[in-house]
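Because the structure is predicted, anything quoted here is derived from the model rather than measured. As a basis for the values below, the full set of heavy atoms in this structure was taken, side chains included, without hydrogen atoms, waters or symmetry mates. We name chains A, B, ... by the order of the sequence lines, and we start the count at 1 in each one.
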Amino acid sequence: MHDIKLIRENPAGFDAALARRGLAPQSAAIGAQDTDWRALATAVQEGLARRNEASKAIGQAMGKGDSASAETLKAEVATLKARLPELEAQEKSLAEALQAQLAAIPNLPAADVPEGPDETANVEEYRWGTPRSFDFTPQDHADFGPALGLDFESAAAISGARFAALRGGMARLHRALAQYMLDRQTGANGYEEVNPPLLVRDDAVFGTGQLPKFAEDLFRTTTGHWLIPTAEVSLTNLVREKILSEADLPLRFTALTSCFRSEAGSAGRDTRGFIRQHQFEKVELVSIATPEQAAAEHAHMVQSAQGILEALGLPYRRMLLCTGDMGFAAAKTFDLEVWLPSQGVYREISSISTCGDFQARRMNARYRPEGEKATRFVTTLNGSGLAVGRTLVAVLENYQNADGSVTIPDVLHPYMGGLTSLTPR
RNA sequence: GGAGAGGUGGCUGAGUGGUCGAAAGCACCGCACUCGAAAUGCGGCGUGCCGGCAACGGUACCGUGGGUUCGAAUCCCACCCUCUCCGCCA
């Protein structure tokens, strides 16, 4: 959510930032609406002021027993009341329209975000690991996975496309990955483990920015709850409507949850395999920080995610997303992309964003700086640490063997109950 | 699901339809007292919005949204949330 004051003060700067996102200028339209609204608001307030004044006088007159002048005043107020409701209604609808317009505008990119129209303009910043050289042709996990317990067929019968059932060692490996990630994030990386609600209300989803624009990407229950598309929603909203002490910041949260996405706009993309599912698990990281802490928190979050990939020995690269490829709420985003040998490409496995006060405004999440009376909005950050399903895919493909088996990475052995490889049934 | 109680400022907690943005206490800030601190005393202390260079003025806010009224924290309706008891249940 944008601060209308900033748009008033610097409309050209606002439009310029929107332009970097490839969006048309909006400040003129917003400014005009804002001007209209303020004029109406002033008129309404003046009307109310006169009404209040008269009402007070009525009270005083009646207190003195002067019912005659009280009646005169009442008549006066009555005429005022005839046209005040209409003004108020207009003012309200204008204010709501203005809010709706502001709520639909994405966050402005940070100054150091490269400009570009789409993912082709993302900038590779860093690359870790060397893709393994295979002495056979590496296979797609969608091809060799089913023999190892990646059961698309049964799941399709139960739930349709974009669902899978993990069985036996495959389920165990998935669980091991999740546990390993969670243990690292809650251990050395300092995130508090949270087991949050997966069904949330409108306000929560509005707070993180999925509503109102992206409702079609979400699942909704008959009770009107939304299934979280990411634990970012639940974790970030832990501080909604709160005033935190500066001493408590940063707050670091992590959660292993299922995530639910309708994939409405993704028809035909990644239809094979486990890459893009309606339901998947993810270890999410969220940090609530002061603006001053945000950059360091962002870096820490990136390290926390990269550490998992490195421990698993999965080659990856880090991309700084360009303006055109960032999510709605993000001011700056790094993507981690993991190497998939079957496709010979790097695929997104983590997205780590700082959102400035964009989400905080929507949630009204504030903190009180040390020694200050006024409150300020917090900065919110979120990232995957990591997407468990996609990590499973990466492990399967990078650790596959010529005989169709998969070797379990060493760091997962404590979680595997003695299993050191998955072998075809 | 049934019955009941309740949602008031950073916190606790008063509040008769009119002088209530709201008592009191705590917390916080300033001053006094003190060598210093504690204790005590005095004073201050909500937020958003609109207008104004500012001082300041106006307005809204007592869970949310409607309504009654000249006037609503207070009365009415709906909804949300919390708590207690009962029932059901992993």
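Distance noted for atom P between B:A90 and B:G17: 50 Å (whole Å). Across the P atoms, B:C35 and B:C26 are found 26 Å apart, a figure rounded to whole Å. The C1' atoms of B:A14 and B:A23 are separated by 6 Å, rounded to the nearest whole Å. For B:A60 and B:G9, the C1' atoms lie 15 Å apart once the distance is rounded to whole Å. Taking the P atoms as reference points, B:G63 lies 16 Å from B:A72, given to the whole Å. Between B:G52 and B:A38, the distance separating the two C1' atoms is 47 Å to the nearest Å. Comparing the C1' positions of B:A73 and B:C61 gives a spacing of 11 Å, expressed to the nearest Å. With both ends at atom P, the span from B:A5 to B:C11 equals 26 Å, rounded to whole Å.
Under a 3.5 Å cut-off, the side chain of A:Glu397 and the backbone N or O of A:His141 do form a donor-acceptor pair.
The aromatic rings of A:His278 and A:Phe163 lie tilted to each other, with the angle between the two planes from 30° to 60°.
Of the candidates A:Arg269, A:Arg162, A:Arg347, A:Ile275 forms a side-chain contact (heavy atoms from CB on, under 4.5 Å) with just one, namely A:Arg347.
Heavy-atom contacts of chain A under 4.0 Å fall on RNA chain B between two terminal nucleotides, which in 5' to 3' order are B:G10 to B:C81.
Residue contacts shown for A:Arg8 are limited to sugar-phosphate atoms, with no base heavy atom under 4.0 Å away. Residue-level contact check: A:Ala41 touches neither bases nor backbone, having no heavy atom under 4.0 Å from any strand. If you check every strand for non-hydrogen atoms under 4.0 Å, A:Lys5 touches sugar and phosphate atoms only.
Comparing A:Glu53 and A:Arg201 against RNA chain B, the residue whose closest nucleotide sits nearer the 5' end is A:Glu53. Comparing A:Arg366 and A:Lys92 against RNA chain B, the residue whose closest nucleotide sits nearer the 5' end is A:Arg366.
Side chains of A:Asn382 and A:Ser353: no donor on one and acceptor on the other come within 3.5 Å. Donor-acceptor pairing under 3.5 Å is lacking for the side chains of A:Thr186 and A:Glu193.
Summarising the local packing, CD of A:Glu292 is surrounded by more than 12 heavy atoms from other residues, nucleotides or ligands at distances under 6.0 Å.
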Canonical and wobble pairing (Watson-Crick, G-U, under 3.5 Å) of RNA chain B, dot-bracket with |: ((((((((.[[[..)..(.....]]].(((((.......))))).((((((....)))))).[[[[[..)....]]]]])))))))....

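Contact annotation: the side chain of A:Leu148 approaches that of A:Pro424 to within less than 4.5 Å [non-hydrogen atoms, C-beta and beyond]. Residues A:Arg175 and A:Met416 form no side-chain contact, since every pair of their non-hydrogen atoms from C-beta on lies 4.5 Å or further apart.
Scanning all heavy atoms of the two residues, the minimum distance from A:Val406 to A:Gln400 falls at CG2-CA, 4.1 Å.
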